[in-house]
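Report on the structure given below.
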Protein chains: 2
Amino acid sequence: MGRQPTTSPPVEEYKPVLEYKIGELASLTSCPAETIRYYEKQGLLPAASRNQANYRVYQEGHLKRLQFILHCRALDMTQEEIRLLVTLQDKPDSPCEQVDVLLDNHLQHVEARITQLQHLQEQLRLLRSQCDNHGPVSRCGIIEGLERLDVSTDDHHPDDTCSHVHGSHGL
Amino acid sequence: MGRQPTTSPPVEEYKPVLEYKIGELASLTSCPAETIRYYEKQGLLPAASRNQANYRVYQEGHLKRLQFILHCRALDMTQEEIRLLVTLQDKPDSPCEQVDVLLDNHLQHVEARITQLQHLQEQLRLLRSQCDNHGPVSRCGIIEGLERLDVSTDDHHPDDTCSHVHGSHGL
DNA sequence: TAAAAACCCTGTAGCAGCTACAGGGTCAAG
DNA sequence: CTTGACCCTGTAGCTGCTACAGGGTTTTTA
């Protein structure tokens, strides 16, 4: 990469500003370049400056911010939640109460989703036990069960205000 | 509804074919009419016949099929999975092995998602404990934690072939 | 009997959180 | 001086709906 001499580094690098092109940032973070651009467009990542070829140029601050975002995503936060967090991060003097509230809410979402999925799991296991795998579909207890099923969702389907946590699909 | 006389029903109703308009089906199933049309377009629900006003006309079979679909959705199955199930349902003589396999796979998806969410839950709780809610953001352990976080996703992020179960957001 | 409300139709756009092009420009190596 | 690896913008696609817009029909009400 670059034109760094393999021997005898400069006597004094008086400005070791690390800069990355988008592909470098991508491989440093394992986040696809397209997603990085997408985060910029969504306002999660501040817009990078450009070099004369109109390529995005990133510094350490962008790297840290991107890692922050990826950590939040790994914890399943929405872009909305992340947006609030990075805004707060940029206002170091504001009280951290909002951060705490956000985290508490998010934890509740996750807990609600776990409960709901456990309920599904139970129902699916019950349904699964209705078939012994040896007959035709016409005598399959699973199909029959799906026709008659009484899904008691109400106690486990959290209402809109309470959960934004995904179903069982997608990563 | 209709012009049914309140007294003295017809001596012999020799064809009590129950038919529904989309709105009736919708309220019978608590499934919005738009979603019913959508399922038809996706091929989950067979296309209804039409009356002279071009309104969809549904019979009992449609009602049952729709309930089947809704039960599957309540169990968090994808349209892809449901499509397979209804196809099999329409072939009563085929072996039910595919049904069983589908259900086993789906159960695995759900289990994998539960495990992953429990892992998230733990991390979120740990993170939450880093802040006592009394200082400015600059001393907030949560923000700090999100900057440094090492999310050990690998053991809990099921790979693409294994899970299609959603994150913690959305219903 | 006519006007108003309630229902139905098709088609399109939007939601989240990306991913995957198409159709270009830039740059370093052989 | 051409090849290939990068970069750019912009748009369309994914899932499972939901919400219109802009029409037509039917039912109810005055």
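So that the names make sense, note that chain A is the first sequence line, chain B the second, and so on, each numbered from 1. On a predicted model such as this, the values are computed, not experimentally measured, just so you know.
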Round to a whole Å and report the spacing from [atom1] of [X] to [atom2] of [N].
| X | N | atom1 | atom2 | answer |
| --- | --- | --- | --- | --- |
| B:Asn54 | D:dT26 | CG | P | 10 Å |
| B:Arg73 | D:dT18 | CZ | C1' | 14 Å |
| A:Ile22 | D:dC6 | CD1 | C1' | 11 Å |

Kindly state which residues belonging to residues 79-89 of chain B come within less than 4.0 angstrom of DNA chain C, counting heavy atoms of the residue only, listed by number.
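None - not one residue of the stretch has a heavy atom sitting under 4.0 Å from the strand.
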Backbone of B:Leu120 reached by a side-chain donor or acceptor of B:Gln123 within 3.5 Å:
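No.
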Any donor-acceptor pair under 3.5 Å linking the side chain of A:Glu24 with the backbone of A:Lys21?
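Yes: the side chain of A:Glu24 pairs with the backbone of A:Lys21.
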Check A:Glu144 with A:Arg148, please: is the shortest side-chain N to carboxylate O separation under 4.0 Å?
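Yes, this pair counts.
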What residue pairs, at least two apart or across chains, pass ring-ring contact (aromatic ring centres under 6.0 Å, His included) with a residue in residues 72-107 of chain B?
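Qualifying pairs, neighbours excluded: A:His169-B:His106, B:His106-B:His164.
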Where at least one partner belongs to residues 119-135 of chain B, residue pairs that pass salt bridge (charged side-chain N to carboxylate O under 4.0 Å, His left out), sequence neighbours excluded
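Passing the test, one end in residues 119-135 of chain B: A:Asp100-B:Arg128, A:Asp104-B:Arg128, A:Glu111-B:Arg125.
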Checking A:Pro32 now: which residues fulfil side chain to side chain contact (heavy atoms under 4.5 Å, CB included) with it, not counting sequence neighbours?
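A:Glu34, A:Thr35.
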Run the salt bridge (Lys or Arg N to Asp or Glu O under 4.0 Å) test against B:Glu97 and tell me which residues pass, sequence neighbours left out.
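Partners of B:Glu97 by the salt bridge (Lys or Arg N to Asp or Glu O under 4.0 Å) criterion come out as none, since no residue qualifies.
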Which side-chain N or O atoms in residues 85-93 of chain B pair as donor and acceptor under 3.5 Å with protein atoms at least two apart or in another chain?
residue	atom	partner	partner atom	Å
B:Thr87	OG1	B:Arg83	O	2.6
B:Gln89	NE2	A:Glu147	OE2	2.7
B:Asp90	OD1	B:Arg65	NH2	2.8
B:Asp90	OD2	B:Arg65	NH2	3.1

Hey, which of these two, A:Lys21 or B:Pro32, hits DNA chain D nearer its 5' end, going by closest nucleotide?
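The 5'-side residue here is A:Lys21.
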Residue closer to the 5' end of DNA chain D, B:Ala53 versus B:Met77 (nearest nucleotide):
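Its nearest nucleotide being more 5', the pick is B:Met77.
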Overall bend - the helix from C:dT1-D:dA30 to C:dG30-D:dC1, comparing terminal axes fitted on five pairs, nearest 10 degrees
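Answer rounded to 10°: the end axes differ by 20°.
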Derivation and outcome, side chain to side chain contact (heavy atoms under 4.5 Å, CB included), residues A:Ile143 and B:Cys96:
CA-CA 9 Å; A:Ile143 292 288; B:Cys96 70; over 6 Å; no
Closest-nucleotide 5' rank along DNA chain C - winner of A:Glu34 and A:Thr78
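The residue whose closest nucleotide sits nearer the 5' end is A:Thr78.
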Mind running a 4.0 Å heavy-atom check of residues 35-51 of chain A against DNA chain D and sending the residues that fall below it, in number order?
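Those residues are A:Arg37, A:Lys41, A:Arg50.
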To the nearest 0.5 Å, what is the distance between CD1 on A:Ile69 and CD1 on A:Ile36?
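One finds 9.5 Å between CD1 of A:Ile69 and CD1 of A:Ile36.
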Reading DNA chain C in the 5' to 3' direction, which nucleotide is the first one with an atom under 4.0 Å from a heavy atom of chain B, and which is the last?
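Range of nucleotides touched by chain B: C:dC7 to C:dT12.
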Side chain to side chain donor-acceptor pair (under 3.5 Å) partners of A:Tyr39, counting only residues at least two apart
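Side chain to side chain donor-acceptor pair (under 3.5 Å) list for A:Tyr39, sorted by chain: empty.
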Among all residues two or more places apart in sequence or in another chain, which pass the side chain to side chain donor-acceptor pair (under 3.5 Å) test with B:Gln118?
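Checked B:Gln118 against side chain to side chain donor-acceptor pair (under 3.5 Å); zero matches.
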All N/O donor-acceptor pairs, side-chain side in residues 52-59 of chain A, below 3.5 Å, sequence neighbours left out:
residue	atom	partner	partner atom	Å
A:Asn54	OD1	A:Arg50	NH1	3.3
A:Arg56	NE	A:Glu40	OE1	3.0
A:Gln59	NE2	A:Glu19	OE2	3.1

